[in-house]
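No hydrogens, no waters, no symmetry mates; every other heavy atom, side chains included, goes into these values. Counting from 1, the numbers follow the sequence of the chain as shown.
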Amino acid sequence: MIPMPSELPHPQLTPNIEVVLKKRYLRKDPEGQLVEEPRDLFWRVAAAIAAEDGRYGVAREAQAALARRFYDLMTSWKFLPNSPTLMNAGTDLGQLSACFVLPVGDSIEEIFDAVKYAAMIHKSGGGTGFSFSRLRPKASRVGSTGGVASGPVSFLRIFNTATEQVKQGGTRRGANMGILRVDHPDIVEFIRAKEKDGEFNNFNLSVGLTEAFMQAVEQDAEYDLIQPQNGEAVKRLRAREIFDLLVKKAWQSGDPGIIFLDRINRDNPTPEQGDIESTNPCGEQPLLPYEACNLGSINLSCFYRPGHNEDADPAAKGIDWDALREVIHLSVHFLDNVIDASRFPLERIAETVRRNRKIGLGVMGFADLLYELGIAYDSEAGTALGERIMAFVNEEAHRASAELARERGPFPAWEQSAYARRGEGPYRNATVTTIAPTGTLSLLAGCSSGVEPLFALCFTRNILDGEKLLEVNPHFEQAVRAAGLDSAELMQNVLEKGSIREMDFLPESLRRVFVTAMDIDPVWHLRMQAAFQRHTDNAVSKTVNLPNSATEQDIYDIYWLAFKEGCKGVTVYRDGCKALQVLATGEGQKKMDGASAPAPVSAVRKRPDVVQGFTQKVQTGLGAMYLTVNELDGKPFEVFATIGKSGRSITAKAEAIGRLVSLALRSGIEVRDIVAQIKGIGGEHPVFRGKGLLLSIPDAIAWVLERRYLKDERLGSGVTDIEQQHCPECGAELVFQEGCLICPACGFSRCG
């Protein structure tokens, strides 16, 4: 380990950054106590990555100097690597990649090898992508046994269940991508896979579309379904009906998404190694089987310089391109070293990764940069700037990779690559650019996420003892202050409305520039994605946000535009499409919070000698709980909660909660009011249940009561269901962006 310089400055941290670092990144001992400070973390990472220069004959003193440059790069928030690198660099685990793609072959041995390998990857902190397109369809003959195959969706369920059981080192939860080609005979079942509530909660699903299929959609023609084992056409379907079904499911729930397989493989730099069949969990990294992605992002908002380049063309004003170029080159060096430093969970993965040495340098803070420059996201100037910036990043990243190739040699598969055939390069890395999700990283950097627009100009953050802190985007705050409009009342109004678009009392210049995700016409979301995709080696993680009122035709148009504009895939999210509850305000919210509960009656009904009921087992974070609910006249009358062995304090707490709930029921309190009071109470060990989380024992009791007695109504006072868009850890509202549910307050991510 390169020793830490005694004069090394501490990074400048906001209270929010401190919370995120402590919760997700700083190392802890077996008792959960912190064993490093933020300065220790960033030096640990910088030193471990810089030390890899020693492989190429670089002296120890130069390694130390490089480590200091890496440290300054990260602690200035100009660049951050993906989370596994921050968590694991310089540790015994040493697994630094965010995501992997594993093959799923058409035999029981191959299928369960993939399950085992995925569990190993999830344990090490990575996510996985799979194509199930090689599996024979449902009801096909299995030659070795004479039986029939259960099909891809059946095996997808096994992968999902296995993921549910694996925690990623206590810091990240397994996330998966499941892909099926549109010409697979089981495609309709796959598209409908998430219709049943709670199914495949650990998977993002995408359909792999081909250009032949898209042409058939355009011509309203039929297309062939192909038997994977022999390539024979086994059935024909009307393409437009399948496309319409995709649109309908995306309108209903956001799943499945789509990727364009032919386009992805046209950009495959190493086609002799096979076709790319799948991507990582959020779709931005198409990978060959056994490849991994090593990602990092540059914070564009750090390169705003007021008055800079005033004599340049308008699109270049206000940006320090020279400083950006320097950071791009240093970041490529960093990410190339990450490949050498990483300890991969499988030797086959290590071999494939080091053969092609793919990296993915991307950006974050783009929406902040637009705010600083006074440019609207949904404008020609906005998309033009996005394309210009990414062209610059891509060109300079390739130059940096070429420089490393001269110093260290090209990636080993270079001579057989598409670059060599075109006479381009050589490069150190088969790919260099990716626009990845930056949910938690952007919280650390204090900037907007990826190339997404800001989701909200202000939001509340829950802190201690129920106290809430209003957080405002600093660029918006500065702009309203400069206009002499800053006030607590305005910010509260913005918080409640979620947008300033309709606030006619604000200047048009403010309302035009400070747009948020839901202000923007979906077409502009897609056009921005396409602008960045045109200069990105891999793909772009981006969500096309739609209002709840959006129609299926709107999604149809977005999918078609994505195909025409050259995107490699697209994810849409219609606001509220995953929500199970009806949001309430005013009197409706008071009723949901239990304010309408009848006054307690003085008499508690006596218990009859004989009552009947049911007992349900519920898995909680503290063990299996057995909840017995006895009924009288078809309504719940008493509750008994048992968990663990007698004598434990948790057993006593469960018994006490059961007695109090029983007392309320026997006193005439309605079950809906009891559920409203105890639903969403947080605990230390939440666990997944279906599509949501059970946060604690009282939350689990509420879950049972609600499902049994409140089937026709869902209460919105708790945070249990992820689909209710509230963070299970801090209670803040979740947002769907970059293909994932993310908490902007504490960094919780549904995708890890």
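- With 3.5 Å as the limit, one finds a donor-acceptor pair spanning the side chains of T128 and N176.
- A donor-acceptor distance shorter than 3.5 angstrom exists from the side chain of T210 to the backbone of F213, with no hydrogens or angles considered.
- Residues L135 and V104 form a side-chain contact, since some pair of their non-hydrogen atoms from C-beta on lies under 4.5 Å apart.
- Using a cut-off of 4.0 Å between Lys/Arg side-chain N and Asp/Glu carboxylate O, E284 and K568 are scored as not salt-bridged.
- Judged by distance alone, the side chain of N88 and the main-chain N or O of T91 form no donor-acceptor pair under 3.5 Å.
- W560 places no side-chain N or O within donor-acceptor distance of the main-chain N or O of I555, the cut-off being under 3.5 Å.
- By the 4.0 Å N-to-carboxylate-O rule, R134 lies too far from D106 to be salt-bridged with it.
- Using a 4.5 Å heavy-atom cutoff, the side chains of Q227 and P137 are in contact.
- Using a distance-only test at 3.5 Å, with no hydrogens or angles considered, a donor-acceptor pair links the side chain of N268 to the main chain of G274.
- In this structure the side chain of E277 never reaches within 4.5 angstrom of the side chain of I179, judged on heavy atoms.
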Step by step, work out the side-chain hydrogen bond (donor to acceptor under 3.5 Å, both in side chains) result for Q737 and T543.
CA-CA 5 Å; Q737 62 183 26; T543 297; over 6 Å; no
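- F130 and F203 have tilted rings, their planes meeting at an angle from 30° to 60° on a 0 to 90° scale.
- D183 meets the salt bridge (charged side-chain N to carboxylate O under 4.0 Å, His left out) test with R181; sequence neighbours excluded.
- The residue from N356, D537, N538 that alone fulfils the side chain to side chain donor-acceptor pair (under 3.5 Å) condition with T431 is N538.
- No side-chain heavy atom of S206 sits under 4.5 Å from any side-chain heavy atom of S278.
- Between C282 and P437, the closest heavy-atom pair is CB-CG, 3.7 Å.
- In this structure a side-chain-to-backbone donor-acceptor pair under 3.5 Å is missing from Y559 to V570.
- Legend: residues meeting salt bridge (charged side-chain N to carboxylate O under 4.0 Å, His left out) with D244, ordered by chain and number and at least two apart, are absent.
- The main-chain N or O of Q229 is never found under 3.5 Å from a side-chain atom of R136 such that the two would form a donor-acceptor pair.
- Note: E351 CD to L346 CG = 10.5 Å, rounded to the nearest 0.5 Å.
- Listed by chain and number, the residues in a salt bridge (charged side-chain N to carboxylate O under 4.0 Å, His left out) with R348 amount to none (sequence neighbours excluded).
- Taking the six-membered ring where the residue is Trp, F260 and F563 present tilted rings, their angle falling between 30° and 60°.
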Given the rule in the side-chain hydrogen bond (donor to acceptor under 3.5 Å, both in side chains) test, do N294 and S97 qualify, once you have shown the distances and angles that lead to the verdict?
CA-CA 5 Å; N294 301 279; S97 296; 2.7 Å; yes
Step-by-step ring pair (Phe, Tyr, Trp, His ring centres under 6.0 Å) determination, F132 to F159
CA-CA 11 Å; F132 292 89; F159 282 76; 5.3 Å; yes
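- In this structure, CG in D186 is found 10.5 Å from OG in S133, a value given to the nearest 0.5 Å.
- The CG atom of L93 sits 11.0 Å away from the CE atom of M87 when rounded to the nearest 0.5 Å.
- Counting heavy atoms from C-beta outward, K617 and M625 have side chains that stay 4.5 Å or more apart.
- For E552 and K248, the salt-bridge test passes: some basic side-chain N is under 4.0 Å from an acidic carboxylate O.
- Going from atom CD of E452 over to atom CD of Q529 covers 8.5 Å, rounded to the nearest 0.5 Å.
- In terms of modelled atom types and a separation under 3.5 Å, the side chain of S442 and the main chain of T438 share a donor-acceptor contact.
- With contacts defined as side-chain heavy-atom distances shorter than 4.5 Å, the pair P547/M518 qualifies.
- At a threshold of 4.5 Å between non-hydrogen side-chain atoms, the residues Y117 and I349 do not count as touching.
- Of all heavy-atom pairs spanning N202 and N160, the tightest one is N-OD1, 2.9 Å.
- The existence of a salt bridge linking K194 and D255 is confirmed by a sub-4.0 Å separation between a basic side-chain nitrogen and an acidic carboxylate oxygen.
- Annotation: salt bridge (charged side-chain N to carboxylate O under 4.0 Å, His left out) contacts of D557 (sequence neighbours excluded): none.
- Listed by chain and residue number, R238 satisfy the side chain to side chain contact (heavy atoms under 4.5 Å, CB included) test with E241 (two or more places apart in sequence, or in another chain).
- Shown here for P345 and I121, the closest heavy-atom pair between the two residues is CG-CG1, 3.7 Å.
- Taking the side chain as every heavy atom from C-beta outward, D575 and L546 never approach each other to under 4.5 Å.
- A donor-acceptor pair is defined here as one N or O able to donate and one able to accept, closer than 3.5 Å; no such pair exists between the side chain of D224 and the backbone of V234.
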Check step by step if ring pair (Phe, Tyr, Trp, His ring centres under 6.0 Å) holds for F366 and F532.
CA-CA 11 Å; F366 177 64; F532 277 88; 5.1 Å; yes
Please determine whether salt bridge (charged side-chain N to carboxylate O under 4.0 Å, His left out) holds for the pair E199 and R192, giving the CA-CA distance in whole Å, both sets of side-chain angles, and the decisive distance to 0.1 Å.
CA-CA 11 Å; E199 286 277 54; R192 295 183 179 275; over 6 Å; no
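- Side chain of T536 to main chain of A539: no donor-acceptor pair is present (N/O by atom type, distance under 3.5 Å, no hydrogens or angles).
- Among pairs with a residue in residues 352-363, those fulfilling salt bridge (Lys or Arg N to Asp or Glu O under 4.0 Å) read E291-K358, D336-R357, D340-R357, at least two apart in sequence or across chains.
- With rounding to the nearest 0.5 angstrom, the CG atom of N545 is 4.5 Å from the NE2 atom of H525.
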As a quick check of understanding, evaluate side-chain hydrogen bond (donor to acceptor under 3.5 Å, both in side chains) for S696 and D699, giving each step before the final call.
CA-CA 5 Å; S696 61; D699 190 48; 5.3 Å; no
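- For the atom pair CD of Q285 and CD1 of I264, the computed distance is 10.5 Å after rounding to the nearest 0.5 Å.
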